[in-house]
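See below for the structure under consideration.
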Amino acid sequence: PPLDVAGSRPPPSFAMNVAPRFAAALFGIAAPSAIAATSGVLRGGKASAILRTDLVTDEAQGSLALAPPANASAPGAEQSMSFAAAIKPIRIGRGGDSTKKSRGQEPKGVAGAGDQECGVTSKVTSASNKEDRCPTECPYFAQDRNDADFCTFVCVKEEQCAAMNPHTHIGDNKLGVCRSCIVDGCQKCDQSVLEDRCAECQAGYVLKDGKCHFKYAGEWMKYVGYVLIAIVVVVLIWVADMQLRPCTNESGLAHGLECRERAKVLMPADENGERNPWPLTTNLMRQPVAGTGMILHFRFQAALIVWGVTIALIWMAFCQFVDSDLWLLGTRRFGTPRMNCILVAWGYETQNALMWTKVLFLGIAYWVTVAMAFVYGVMQLRCFQETDYYNKTMKDFVAMVVGLPKITGDKPVEEDLKAKIEALTGEAVVGVSVAWDFQEFDEEISKVLKDEITAQIPTDPPRAPPEMNPLRQKFYNFEKTIFGLPDIDGGVESEGSEAYGEILEKLKQVNPEAAERLAGRSLAEATGPDSMKALMLSLHTSPRAFVVFNTQEAMESAVEKLKDGFEFEGAEGLTLETLTAEPDTVQWANFGHASPQEKAMKLAAGFGIIGLACLFWAIVFYAPYAYYVMTF
């Protein structure tokens, strides 16, 4: 575009910059014409002989100078150009007029390879060489802080470093720069000497012989180390003692190994009745090893991999066919202030020149992700439907009643509901499981159920532990404490009394009458089966119950017959619905707590926790980083 009234040049439009490049990429248009249209150099409809020109803008005069490359032929000659060369963006190097002074200083030139001079200030640009070294007479690069410009450096002797920048008074022979002192914990360097000495230490450090030492270090750290070593030794002895102990409970060990074996995911029994492990070649995206959910999970993992590889290939295509500098952005090493200035200048210009590629890449990545998400969702749904169709599970025989009224536990709800559904549908019902509202007593009821199941397992009666040496006896007592092992001598009266008190307090809020009846009993009566029965009778039903039929066809027939709803215990509008969840995934304690208000509260609590986590991250992790960057 032409210069405007202020003498500046606006950026090329989309039609002049991006469109010709993609026309060459997508439709095979001649690359020289495309690059000629981009740079505005057209002669008789054909491209000039200028190939991969370096465009240098004189900021003072606003003029343009087109410098042909060294291998360019005579003016007017036609040359071919590769696709990669045609679409590579033109580099724009900006530098001041070397014939004029800048803000009253000596003339500043652009630093190049091998042209460093002592005492001459030069401003580095993206074209400067990071590996340049100063002459041996003045071997150190110093950042010139005596002018108002930035990224200006001058070659000086070590004794001249402080004159250029008071904070970098030491000459580093390895880096070839003037730097500040390198002392751990130092707040202010000692500028009276040309060595690494500190004049003032940071908080928590003390100054001694020019070095900063941790103030709180002392003999106590040595004793802490001794204590830690002693703890490690005791733990090793404990582990060795457990390994050397004789087996005194063979039946318990056999039962534990049996439970462990049953917990393994094994193949169906073969003709010999044996169940073997699944082979490593099993396709977990197709084989229902542990249900439909496992298949969908591994398909999700595969979809993530395919999506990541696809996005990476798109970016690699941009790097390969648009500009190879996309491979380098964010990977070039940094180092001295001079190297950093060169790196920042190069990165700034390259980022601006290639910003359109990043924007286009983000657009492509977004729409590719959206398309893949839709395809993934359809594929997951079809997989679930197919797997569910070919595999019969417990949910295929169960329907759920919705809208059940509140009924206390002293009524035979299961039997009455079973008889009602059988009378309305004509289908035989195996049984009914009511979802009771027992969230307040979940811990106590779960403990009773666990104890009942444990009591049904045939095990040897408890027996006293064998004779032990004093050290092993101490280890054994410690294990009983931390692992909660039962004491054969008893001593659980206080624990039962405390648990019973908690039950009474909770029951007073739900059913005061039942709590009053239990409060008049002794601890032995209250902790027995009758007290738990009284507690169960005081509960009430949630709005849902599960009905089990003999066949899937019977379940579907009952759902169809009761699609208009039915009445039960004076409540109208009860419905029978099919399920997509398996019995082992049901959270029984959560029934009765799914009202719109409770859902809204849980949703608000979830967002609140996420917000607090983000706030914690912002304050603890991001704020220090942002403060460091802003004050660098």
Side-chain angles (χ1 to χ4, degrees), residues 259 262-263 265 288-298 300 380-381 384 387-388 391-409 413-414 417-418 421 429-454 456 499 502-503 505-507 509-511 532-533 535-549 555 559 568 571 574-610 613:
C259 292
R262 290 182 177 181
V265 179
V289 171
T292 310
M294 186 64 70
I295 295 178
L296 298 178
H297 171 71
F298 277 97
F300 167 73
Q380 289 288 82
L381 177 61
F384 173 79
T387 306
D388 182 64
N391 294 274
K392 293 290 185 181
T393 58
M394 286 298 298
K395 69 177 180 59
D396 296 320
F397 304 90
V398 180
M400 182 171 63
V401 176
V402 180
L404 199 67
K406 283 188 177 183
I407 306 173
T408 57
V413 185
E414 288 85 354
L417 187 58
K418 175 183 176 182
I421 293 177
V429 175
V430 177
V432 174
S433 295
V434 173
W436 296 90
D437 185 358
F438 67 99
Q439 191 176 69
E440 292 82 0
F441 306 96
D442 183 23
E443 184 177 352
E444 293 80 9
I445 295 177
S446 298
K447 183 179 183 304
V448 171
L449 291 175
K450 181 179 178 181
D451 293 341
E452 287 187 0
I453 294 175
T454 304
Q456 296 175 8
E502 294 179 358
I503 293 178
E505 291 298 325
K506 294 180 179 179
L507 192 58
Q509 303 175 5
V510 180
N511 194 329
M532 183 53 61
K533 181 178 180 180
L535 174 62
M536 299 298 294
L537 294 177
S538 66
L539 301 179
H540 61 79
T541 61
S542 73
R544 299 173 186 271
F546 299 91
V547 183
V548 183
F549 295 87
M555 181 272 293
V559 171
F568 181 72
L574 276 71
T575 58
L576 199 61
E577 302 176 358
T578 57
L579 290 174
T580 57
E582 296 294 341
D584 56 350
T585 64
V586 175
Q587 301 295 323
W588 295 95
N590 292 337
F591 284 101
H593 298 271
S595 64
Q597 295 81 3
E598 290 175 309
K599 290 182 179 179
M601 290 296 295
K602 293 178 181 178
L603 188 64
F607 278 106
I609 293 174
I610 294 175

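Along the sequence shown, the residues carry numbers beginning at 1. All figures in this text were calculated on a predicted structure; none of them were measured in a lab.
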Identify, with sequence neighbours excluded, every residue that meets side chain to side chain contact (heavy atoms under 4.5 Å, CB included) alongside V548.
V398, V430

Residues I421, F549; criterion side-chain contact (heavy atoms from CB on, under 4.5 Å); working and verdict
CA-CA 11 Å; I421 293 177; F549 295 87; 4.2 Å; yes

Starting at NZ of K406, measure out to NE2 of H540 and round the result to the nearest 0.5 Å.
4.5 Å

According to salt bridge (Lys or Arg N to Asp or Glu O under 4.0 Å), does anything in residues 578-587 pair up with another residue at least two apart or in another chain? List the pairs.
none

Who pairs with P288 by side chain to side chain contact (heavy atoms under 4.5 Å, CB included), at least two apart in sequence or on another chain?
I295, N391

Of all heavy-atom pairs linking G592 and P543, the shortest is CA-CD, 4.2 Å

Hey, does M555 have a side-chain heavy atom less than 4.5 Å from the side chain of L576?
no

By side chain to side chain donor-acceptor pair (under 3.5 Å), S446 pairs with (sequence neighbours left out) D442

Sequence neighbours excluded, the answer for side chain to side chain contact (heavy atoms under 4.5 Å, CB included) partners of V434 is L404, V413, E414, V432, W436, T541, A545

Got a sec, which residues hit side chain to side chain donor-acceptor pair (under 3.5 Å) with K418, two or more places apart in sequence or on another chain?
none

Rounded to the nearest 0.5 Å, the CZ atom of F438 sits from the OG atom of S538 at a distance of 13.0 Å

M601: side chain to side chain contact (heavy atoms under 4.5 Å, CB included) partners, not counting sequence neighbours:
none

Tell me, please, which residues at least two apart from D396 pass side chain to side chain donor-acceptor pair (under 3.5 Å).
none

Which heavy atom in E577 sits nearest to a heavy atom in V559, and how many Å separate them?
C-CG2, 4.5 Å

Quick check for you: to the nearest 0.5 Å, what is the distance between L539 atom CG and I407 atom CD1?
13.5 Å

Minimum heavy-atom separation for A589 to Q439, with atom names?
O-CB, 3.3 Å

Using 4.0 Å as the upper bound for N to carboxylate O, is an ion pair formed by D388 and K395?
yes

Can you list the residues that meet the ring pair (Phe, Tyr, Trp, His ring centres under 6.0 Å) rule with F546, with sequence neighbours excluded?
W588, F591

Heavy-atom distance under 4.5 Å between the side chains of V401 and F568, does that happen here?
no

